[in-house]
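These notes concern the structure reproduced below.
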Protein chains: 2
Amino acid sequence: MVGAKKMPQYKKLYEILRKHITSGLYPEGSLLPSENELCALHGLTRPTVRHALDQLVKDSYIIKQQGKGSIVSKLPKDIGILSIHGSTSAIGKEHLKTLIIEKPAIKAWDTPFMFELTDIERESGCICFERLRLVNEIPVFYDITHIPNINMPRFASRNFKNKSLFEILRTGYQIEIIGGEQRLKAIPADKRISKHLQVKEGHPILHVERKMKTNRQGFYIYSTLYFNSENHSVCGTF
Amino acid sequence: MVGAKKMPQYKKLYEILRKHITSGLYPEGSLLPSENELCALHGLTRPTVRHALDQLVKDSYIIKQQGKGSIVSKLPKDIGILSIHGSTSAIGKEHLKTLIIEKPAIKAWDTPFMFELTDIERESGCICFERLRLVNEIPVFYDITHIPNINMPRFASRNFKNKSLFEILRTGYQIEIIGGEQRLKAIPADKRISKHLQVKEGHPILHVERKMKTNRQGFYIYSTLYFNSENHSVCGTF
DNA sequence: TTTTATCACTTGTATTTACAAGTTAATTTT
DNA sequence: AAAATTAACTTGTAAATACAAGTGATAAAA
């Protein structure tokens, strides 16, 4: 294991409990052992145990309630990956289809780009691709993704058909999204958008520009979204 | 008395430092007094001071660096999700104005309401008010807030003119927003919206429905937003 | 039976003490 | 003068202790 030796006690306990929660040992809604029990179990003092629990609260794995205990809350937030919520019913995975409009290709960044770029990003160029997502065969959002072409071997030739972008990044490149920023607007559909989303020109479209921070230092992923929110909403937690 | 008396010490210090930072006493990039200095200044012990600083870190008012100190970072987010970003320049507080369209009043919940309500919420009724926010005298967003009328003494008679809602909730009722969910849509402006936001009917409007979770168990704050995103964007981090 | 009170248990706040580890600047040595 | 060392800071981790405050179940009283 990589450097688990000098990890502080509270962090060790945090990792243990985190693993127990995500693995389902403590199901959602159940109570964690009390602070005093955790002290006895792991040979720690209460301030240390509380420090570990504070981290779990911060990452919203648990909610604490005075007089009651530490309640396990729903498993991790989907990192702002905007989920879709239909106005009629929940959308199962089986109804969601992805169409590749433009295959991943290496090109120069647009100038100006929606976010400010570093010199390194600018020089490296980007991998760009466009996708259309359909729910029940109806196009719902149109997605343009820009990834800096820095240490991304064979990315452009990968098959995106059935795997999520984030799954490929995580499993193929050990890249995980750890946060980001986004800008939202409502805009009228232009010719290109109206064609892809099959709406009239001028129809209100939800426009999202996102800059996603990753666990790789200085490596960001950019994405532009055009969303037909007539029958669906974009949902998110914060 | 609206409970400023039994506020814990660490929270008092948090509020003091927070005020000092937002008021510009400690400018961005500068160092806060060291933990030991804060102990001496306020007659507290280091764990208590550290607890206060932890809160400031959590809310990203400061960044701590071992061996150096607590560095004041950029003034943040009102509540993480809702800052406005102009397409031309940053928006200073001096250019932001709030207009009360409907004063806080106790009434029954709309049926159906945008989010599902518990029986307790439904029975208690709600405090509802509507505000219009202007940037440089131009209306930018229209805001309808619903707060359950549960243990909120004298809330309806408070003056909202110059204080942020969240500031009143935090200082007057010890209520803090700890998260939430939201749904976003792009919709055409109807008659009412177009009147308030001074746009043509049918103009694309960003519509946000939010359910905000608080530190008070089972207590949620609901808000509906209509945003004219022609010249501004809604920005958020995740 | 219903209400009230108590008790055991939970987390919340706060003090005190100690040492580890990172940063910076002054001092000493080369 | 330049490099290395030291000293004096800073925050980080961790222990032991105490009491306050909220919760829930049990026991006592009405």
So W109(A) and F113(A), would you call those rings parallel, tilted or perpendicular, with 30° and 60° as cut-offs?
perpendicular
Y173(A) and F155(A) aromatic ring geometry - parallel, tilted or perpendicular at 30°/60° bounds
tilted
At under 4.0 Å, does any side-chain N or O of [X] touch on OP1 or OP2 of [N]?
X	N	answer
T45(B)	dA14(C)	no
Y10(A)	dA14(D)	no
T48(B)	dT15(C)	yes
R50(B)	dG12(D)	yes

Shortest side-chain distance from [X], nucleotide among [options]:
X	options	result
K68(A)	dG24(D), dT24(C), dA14(D)	dG24(D)
E35(B)	dG12(D), dT13(D), dG12(C)	dG12(D)
P47(B)	dT16(C), dA15(D), dT11(C)	dT16(C)
K64(A)	dG12(C), dT23(C), dT10(C)	dG12(C)
R46(B)	dT11(D), dT23(D), dT15(C)	dT11(D)

In whole angstroms, how far is the [atom2] atom of [N] from the [atom1] atom of [X]?
X	N	atom1	atom2	value
L38(A)	dT10(C)	CG	C1'	12 Å
Y14(A)	dT13(D)	OH	C1'	18 Å
L31(A)	dC9(C)	CG	C1'	12 Å
L44(A)	dA16(D)	CG	P	10 Å
Q65(A)	dC9(C)	CD	P	19 Å
H42(A)	dA15(D)	NE2	C1'	18 Å
Q66(B)	dA20(C)	CD	C1'	8 Å
I63(A)	dG12(C)	CD1	C1'	17 Å

Cationic tip of K211(B) above Y222(B) ring, under 6.0 Å, 45° of axis:
no
Any chance the side chains of Y10(B) and E15(B) put a donor and an acceptor closer than 3.5 Å?
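Side chains of Y10(B) and E15(B): no pair found under 3.5 Å.
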Between R210(B) and E181(B), is there a side-chain N and carboxylate O pair less than 4.0 Å apart?
no
When the nearest nucleotide of DNA chain D is assigned to G67(A) and to G43(A) on a heavy-atom basis, which residue is associated with the more 5' position?
G43(A)
